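In the text below, chain A, chain B and the rest are named by the order of the sequence lines, each starting its count at 1. Here the structure is a predicted model, which means the values were calculated and not measured.
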Amino acid sequence: MIKITLPDGSVREYEKGATGYDIAMSISEGLARNVLAAKVNGEVWDATRPITDDATVQLLTWNDTEGKSTFWHSSAHLLAEALEELYPGVKFGIGPPIDNGFYYDVDLGDQEFGEDDLEKVEQKMQELAKNKSEYTRTEVSKADALKYFEEKGDEYKIELIRDLEDGKITFYQQGNFVDLCKGPHVPNTSFIKAVKLMNVAGAYWRGDEKRKQLTRIYGVSFPKQKELKEYLERLEEAKKRDHRKLGKELELFTFSEKVGLGLPLWLPKGTVLRERLENFMRKAQIKAGYDPVVTPHIGSKELYVTSGHYEKYGEDSFQPIKTPNENEEFLLKPMNCPHHCEIYKAKPRSYKELPVRLAEFGTVYRYEQSGELHGLTRVRGFTQDDAHIFCRPDQVKEEFIKVIDLVLYVFKALGFDDYTAQVSLRDPENKTKYIGEDAHWDKAEREIQEAADERGLTTVTELGEAAFYGPKLDFMVKDALGRSWQLGTIQVDYNLPKRFELEYTGADNQKHRPVMIHRAPFGSMERFVAVLIEHCGGNFPLWLAPEQIAILPISEKYQEYAEKLHTILSERDIRGSVDNRDEKIGRKIRDAEVKKVPFMLIVGEKEQNEERVSVRKHGQGDLGSMPWAEFVDHFQQESALNLN
RNA sequence: GCCGAGAUAGCUCAGGGGUAGAGCGCUUCCUUGGUAAGGAAGAGGUCGGGGGUUCAAAUCCCCUUCUUGGCUCCA
C-alpha cells in the first residue's frame, strides 16, 4: 500500500500502482470523468500512470491551468494524427500547448496547405476523437527512438532526440500515431469534444530564420461544445475593442499609403486624446523634478557612431540623409538619448545638481520590418514620453524607485491594473551581444530587482531580453486579443555616459562618471493610446474623451439656446458640439451614444425657458434636468477626479 | 523579410466569365419632434495597380502594392 496526500492535507491509502484516475474514482465518479492529469509530487503525470510510492497528488481538471495545457497538448497530437492520415509523409516539428490552445509545426513537403484545408483536418480530428484511442506512454532507448524516426524519415524529430538524454525518452501513441513526447496526456481522445483550427502561419524551425520554414497550424479545443461556442463569442467581442477598428469608428487616427506605411496620422479627435495624456504626463513630471527639453528630429551620423547605435543598427535603419553640398550625413533620430547626453554636456556638472532629469516628448523613427507593422502598436514613427536621468552611482536605486512610482501613478490614473512587470536581463550564454563591463551589469541587474521588490512589484525575469546597453524593467500589458505589448520601460545604462564621456565633479573635486536611466512611462504615445482604446473599449475617462458632451436641441427652435450653452461650456474648457441636424431627438441620442460621448445635454422648450439642461449619461440613460450651472459643477467634479 | 489569408461605393460587406449590388453614411425635399434609427428622392465605384488568357475579365492565371493572422526582429 502507498500513502497519497491530497491538497486538503488528508492522507489516503491505495494499492501500489494506483493511478490518478483510481484516486479520483475513490472520491467520486464525477471527478474521475473530469480528471485530465495528476500532479504527482509537483510533476504533471498522465492520469493513467501508476504511482508506485507515497506521494502528494493533486488531480487536475479543466479548471486548472495545467489541466488545460495537458488537454491542449493531447489535442495537438490529435491534430498530428489527422494530418498524418490526410497528408501521408508529413513530417513533424513540435506541437505544444499555448496560452489559448495549441499548435503543431509541420513540414508538408510540396503539398500546399491553406486556410481552406483547415475544415477538412478539423473534421478528421473529430472523427478520430470519437475512436476513444488511448494515449499510451512507452519509455524508449535513445537508439530505438532514433531508429524509429530514421525509418519514418522525420529529420526534425531526429534532431530533437539527439539533444535528449538516453533513458529519459518517452513516446506516446494514440491510434496509429506515435510521437516523441514527454507528456503528459489526457487518458483518451474522446475527452476532446470540440475542436476549432484557427489559422495557418509560417514558423521557422527552432525559431531560426535561417532554417526551414514550417507550416504552423493553430487550434483550440474544449471538453464541451458549448465552451467552444463561448470562446468564439468572446473572441468576437474582443475584436470589437480592437483599437484599429475603434480608431476608425471614433475618428482617432488613420494611415495613408501615400504618407507611408507605419506612419500614423492623428485625426483631430485622436489628437485631443493624445494631448490630454501628454499634459497629464508633463504635470506629473514637473512635480517629480524633471526639466523639459526639446531636440531636433535629426542628428549627425557622428552622434550615433559615438552612441554605438550606428554600429548596432545602422544597416537595419532608415538610411542617412545628406546635405546637398557638403554631403554631411544625418540620421532621423531613432533615440533621444544621444541628444540628451549633449544637453548634459552643455555645461560642467557638479555632484550637487545631480540627478539631472531631462524629459522630452521625442518623436523617433525606426525601420520596422513591413510584416511587423500593426495598427498603432508597431509603427515606424512614434513619440516617446522619454526622459533621461543622469545621476550618481549611489543614486541609481533611489531614482529607479521614483520612476517605478511614476509609472504606477500613471497606470493607476488610467485604471491599468492588469500588467506584468518584466525584469529583462542579459542572456548569460551570450554576453557578446551586449556592451559594457560585467561589474556594471551585475550591479544594475541587482539594483533593478531590489527596486522592484521594494515597491512590491511581482516580476517575471526574462534572460536575454535586456537592451544591448543595459538591463531594464518593462511593464507589459495585453491587448484585446491577448497579445502582450510593452508599455512603460525603465533602463539602466552605464554605457552611454562612457561613450559620451559624461562627467561631474564630485565632493572630492575629482571627475566622476554619472549613470543614465532611460525611462518612458507610457512607452510611446501611439502604443499607449492603442492599448488604452482597447482597455476601455473606446469609453474614455471623462477627462480624456475627445468629445465630452453633445448638446442636442429637440428641434431647430432651440438651436440658439443650444449654441449659447455651447459657448458657456467651451469657456469652461468643456469639449463638445451642438447636433443641429434636422433629425428627431431619438436619432441624435442614438448617434451620440454610438460615438461614446460621455454626456448628452438635451434642450427643448422647458430647458430654454428655465435655463436648464436635461442630462443623459452614456450607457446609463436619463439623469433628469438641472440648471446648467449645476451640470457644470457636476461635470467638473467628475472630470477632476482623475488627477487632471 | 518569410509563410497563410484578403482588397468591390466614404464605412461594413454580398456577388462572381456577358448592363455593378445591399445596409449605413452623404445631398435635396417633406417633417419641427422629448431620451438608442421619421419619410421620400438623388448623387456616389475603370471591383487596389499592371500584365496575360478569352469574342467578352470585377470574376480565371501571373506579377505588384497595401491590409491582415503568425514567424523572425524590436535601440
Side-chain angles (χ1 to χ4, degrees), chain A residues 98 103 105 108 112-118 198-218 242 244-245 248-249 251 255-258 260-262 304 307-314 316-317 333-338 364-375 377-380 384 386 465-470 472 481 483 485-486 489 491 493 495-496 518 552-559 581-595 600-607 614-625:
Chain A
I98 48 176
Y103 67 79
D105 282 348
L108 288 153
E112 292 201 0
F113 193 88
E115 258 152 47
D116 298 340
D117 301 301
L118 291 177
M198 306 301 288
N199 48 36
V200 197
Y204 301 104
W205 172 232
R206 302 208 131 178
D208 183 347
E209 67 181 317
K210 289 183 191 71
R211 305 197 63 177
K212 179 153 185 177
Q213 189 162 52
L214 306 179
T215 305
R216 175 170 296 179
I217 301 171
Y218 283 92
D242 191 316
R244 293 167 297 185
K245 182 175 157 66
K248 192 181 269 183
E249 283 170 7
E251 297 179 18
F255 289 89
S256 148
E257 268 187 51
K258 244 183 190 136
L261 25 164
Y304 299 99
S307 72
H309 290 110
Y310 189 78
E311 188 193 353
K312 180 91 180 163
Y313 295 102
D316 308 317
S317 286
K333 74 174 167 189
M335 298 276 293
N336 302 301
C337 32
V364 296
Y365 298 88
R366 297 178 184 175
Y367 174 80
E368 303 284 0
Q369 297 186 96
S370 59
E372 196 49 56
L373 299 172
H374 181 96
T377 48
R378 192 80 187 262
V379 288
R380 285 180 172 171
Q384 297 176 311
D386 210 0
E465 291 292 310
F468 73 95
Y469 50 73
K472 53 183 185 162
L481 294 171
R483 289 175 292 220
W485 297 99
Q486 175 204 307
T489 181
Q491 315 178 354
D493 185 351
N495 175 55
L496 279 187
H518 308 240
L552 313 178
I554 298 277
S555 83
E556 70 186 21
K557 287 191 236 159
Y558 315 108
Q559 249 187 62
R581 291 175 304 167
D582 179 12
E583 292 291 350
K584 290 192 182 179
I585 193 64
R587 179 51 181 272
K588 294 181 182 181
I589 287 168
R590 185 189 140 80
D591 288 346
E593 289 280 356
V594 169
K595 274 160 56 190
M600 284 150 271
L601 301 182
I602 291 132
V603 294
E605 190 174 2
K606 271 182 295 178
E607 289 78 6
S614 277
V615 181
R616 185 187 161 99
K617 195 164 183 188
H618 171 71
Q620 288 182 22
D622 195 355
L623 297 187
S625 107

Report summary line: Here the distance between atom P of B:rC74 and atom CD of A:Glu465, to the nearest Å, is 8 Å
Query raised in the report: Is the backbone of A:Pro334 close enough, under 3.5 Å, to the side chain of A:Arg366 for a donor and an acceptor to pair up by distance?
Result: yes
Query raised in the report: Under 3.5 Å, side chain of A:Lys588 to main-chain N/O of A:Pro553, donor-acceptor pair present?
Result: yes
Query raised in the report: Closest nucleotide of RNA chain B for A:Ile589 versus for A:Asp316: which of these residues is on the 5' side?
Result: A:Ile589
Report task. To the nearest Å, give me how far apart NE2 (A:His618) and P (B:rA36) are. Result -> 14 Å
Report summary line: To the nearest angstrom, the CD1-P distance between A:Ile585 and B:rG34 comes to 9 Å
Report summary line: Rounding to 0.5 Å, atoms OH (A:Tyr558) and CD1 (A:Ile585) come to a distance of 11.0 Å
Report summary line: Taken to the nearest whole Å, CD/A:Glu607 to P/B:rG34 is 12 Å
Report task. Provide, to the nearest angstrom, the distance between the CD atom belonging to A:Glu583 and the P atom belonging to B:rU27. Result -> 10 Å
Query raised in the report: With no angle test and no hydrogens, is the base of B:rC73 tied to the side chain of A:Arg366 by a donor-acceptor pair under 3.5 Å?
Result: no
Query raised in the report: Is the shortest side-chain N/O distance from A:Lys584 to OP1 or OP2 of B:rU35 below 4.0 Å?
Result: no
Report task. Tell whether A:Ser555 reaches the base of B:rG34 with its side chain through a donor-acceptor pair below 3.5 angstrom. Result -> no
Report summary line: Rounded to whole Å, CD of A:Gln369 lies from C1' of B:rU68 at a distance of 17 Å
Report summary line: Between A:Glu465 and A:Lys472 the two heavy atoms that sit nearest each other are O-CE, 3.2 Å
Report summary line: Sequence neighbours excluded, the answer for side-chain hydrogen bond (donor to acceptor under 3.5 Å, both in side chains) partners of A:Asp386 is A:Asn336
Requested in this report: Could you tell me which residues satisfy side-chain contact (heavy atoms from CB on, under 4.5 Å) with A:Asp622, sequence neighbours excluded, listed by chain and number?
Outcome: none
Query raised in the report: Hey, are the side chains of A:Asp591 and A:Arg581 touching, using non-hydrogen atoms and a 4.5 Å cut-off?
Result: yes
Report summary line: Atom OH of A:Tyr313 and atom C1' of B:rC73 are separated, to the nearest Å, by 10 Å
Query raised in the report: Should A:Arg483 be listed as having a side-chain N or O under 4.0 Å from OP1 or OP2 of B:rG70?
Result: yes
Requested in this report: Would you indicate, yes or no, if B:rG69 has its OP1 or OP2 atom less than 4.0 angstrom from a side-chain nitrogen or oxygen of A:Arg244?
Outcome: yes
Query - Results of side-chain contact (heavy atoms from CB on, under 4.5 Å) for A:Lys248 - residues two or more places apart only - result: none
Query raised in the report: Among all residues two or more places apart in sequence or in another chain, which pass the side-chain contact (heavy atoms from CB on, under 4.5 Å) test with A:Asp117?
Result: A:Tyr87, A:Phe113, A:Lys120
Query raised in the report: What string of B, S and - do you get for nucleotides 39-46 of chain B, 5' to 3', when a contact is any protein heavy atom under 4.0 Å?
Result: --------
Report task. Spell out protein contact along nucleotides 2-11 of chain B as letters: B when the base is contacted, S when just the sugar-phosphate is, - when no protein heavy atom is under 4.0 Å; keep the 5' to 3' order. Result -> BBSS-----S
Requested in this report: Return the set of residues passing side-chain contact (heavy atoms from CB on, under 4.5 Å) with A:Tyr204 (not counting sequence neighbours), or none when no residue passes.
Outcome: A:Glu209, A:Gln213
Report task. Go ahead and write out RNA chain B as dot-bracket, 5' to 3': ( ) for pairs within the strand, [ ] for ones crossing earlier pairs, | when the partner sits on another strand, dots for unpaired; Watson-Crick or G-U wobble, both distances under 3.5 Å. Result -> (((((((..((((....[..)))).(((((.......))))).....(((((..]....))))))))))))....
Report task. Please identify each residue that fulfils side-chain hydrogen bond (donor to acceptor under 3.5 Å, both in side chains) with A:Glu607, with sequence neighbours left out. Result -> A:Ser614
Requested in this report: Calculate the interatomic distance between A:Arg211 atom CZ and B:rC71 atom P; express it in whole Å.
Outcome: 18 Å
Query raised in the report: Donor-acceptor pair under 3.5 Å: do we get one between A:Asp582's side chain and the base of B:rU32?
Result: no
**Report entry** Partner set under side-chain hydrogen bond (donor to acceptor under 3.5 Å, both in side chains) for A:His518, not counting sequence neighbours
**Finding:** A:His388, A:Asp493
Query raised in the report: If you pin A:Gly207 and A:Phe255 to their nearest nucleotides in RNA chain B, which one's is more 5'?
Result: A:Phe255
Atom pairs under 3.5 Å, N or O on each side, protein against nucleotides 63-66 of chain B: can you list them with distances?
from	atom 1	to	atom 2	distance (Å)
B:rU65	O2'	A:Glu257	OE1	3.4

Report summary line: Taken in chain and number order and not counting sequence neighbours, the residues that satisfy side-chain hydrogen bond (donor to acceptor under 3.5 Å, both in side chains) with A:Glu368 are A:Arg378
Requested in this report: Remember a base hit wins even if backbone is also touched, and classify A:His374 as base, sugar-phosphate or nothing at under 4.0 Å, heavy atoms.
Outcome: sugar-phosphate
Report task. Tell me, with the steps shown, if A:Ile554 and A:Glu605 meet side-chain contact (heavy atoms from CB on, under 4.5 Å). Result -> CA-CA 8 Å; A:Ile554 298 277; A:Glu605 190 174 2; over 6 Å; no
